[in-house]
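Have a look at the structure below, then the notes.
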Amino acid sequence: MTQDELKQAVAQAAADYVATNVPEGSIVGVGTGSTANFFIDALAPLKHRFKGAVASSEATRKRLEGHGIAVLDLNEVDTIPVYVDGADEIDAGLNMIKGGGGALTREKIVAAVAQTFVCICDASKLVNVMGTFPLPVEVIPMARAHVARELQKLGGTPVLREGFVTDNGNLILDVRGLSITDPKGLEAQINQITGVVTNGLFAIRPANVLLLGTPEGVRRLP
Ligand code: 5RP
């Protein structure tokens, strides 16, 4: 199976999860990226079953609307039963690195509101220790150099994502070389640096369910 076929299989499994677990008339939270795009396509035939979606990026909003799915402002929504999104890396504790697509801040906000975070990944994303994928950090533009220096003090090598501006008008530093043995602690520590909007570690609020696409089929953890 190709990586895209694995992504499609987990996306369909996530749509089945939504159909089974989300009460009719609810709001679905929708992530960003190529796996999330397959999920949006798989969700479209079910659109009559839910009230609408909250999008974690402008790209996702456009794709949802392209399928005729209503996109709601998060501020108009009290509760999101399920948020479905991909990840760049995930460990056995369902801690993740996200933000390869640069949507980490809105993803983290939607995840904070969601009751259940369903992560959808192909098998290549499951790792023992995170950190091979560079950790994205969203920064306020005037703080870029300051934040880069602070990240170096933590042992990282930050590189500006060239030509990229987030949906929030900010920049991304991609940080290599961090030792991520304490994902929760590192997430909190980086978020304390003045000028950081948020970083791509999702450990304080990890996923609740992982649907993993493998050549043998979709595995569910736990
Ligand atoms: C975007 C993300 C994505 O979920 C992550 O980059 C995975 O993307 P893909 O499904 O394309 O591999 O965090 O900000």
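Ligands are counted one by one from 1 in listed order, and the atoms in each one are counted from 1 as well. Any value given below was found using the heavy atoms of this structure, including those in side chains, with hydrogens, waters and symmetry copies removed. Note that the structure is a prediction, hence the values are computed from the model and not measured. Along the sequence shown, residues carry numbers from 1.
- Listed by first and then second residue, the side-chain hydrogen bond (donor to acceptor under 3.5 Å, both in side chains) pairs that reach into residues 43-56 are T32-S56, sequence neighbours excluded.
- Cation-pi geometry between K98 and F202 is met: the NZ or CZ atom falls under 6.0 Å from the ring centre, inside 45° of the normal.
- Closer than 4.0 angstrom to ligand 1 by heavy atom are K7, T32, G33, S34, T35, D85, G86, A87, D88, K98, G99, G100, G101, G102, A103, E107, K125, sorted by chain and number.
- Between T166 and L171 there is no side-chain heavy-atom pair separated by less than 4.5 Å.
- Each salt bridge (Lys or Arg N to Asp or Glu O under 4.0 Å) pair with one or both residues in residues 33-45, not counting sequence neighbours, appears once here: D41-R63.
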Side chains of residues 210-222: which donor-acceptor partners sit under 3.5 Å, not counting sequence neighbours?
from	atom 1	to	atom 2	distance (Å)
T214	OG1	E216	N	3.1
T214	OG1	G217	N	3.2
T214	OG1	G217	O	2.6

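- In summary, R61 and E58 engage in a salt bridge, as defined by a charged side-chain N under 4.0 Å from a carboxylate O.
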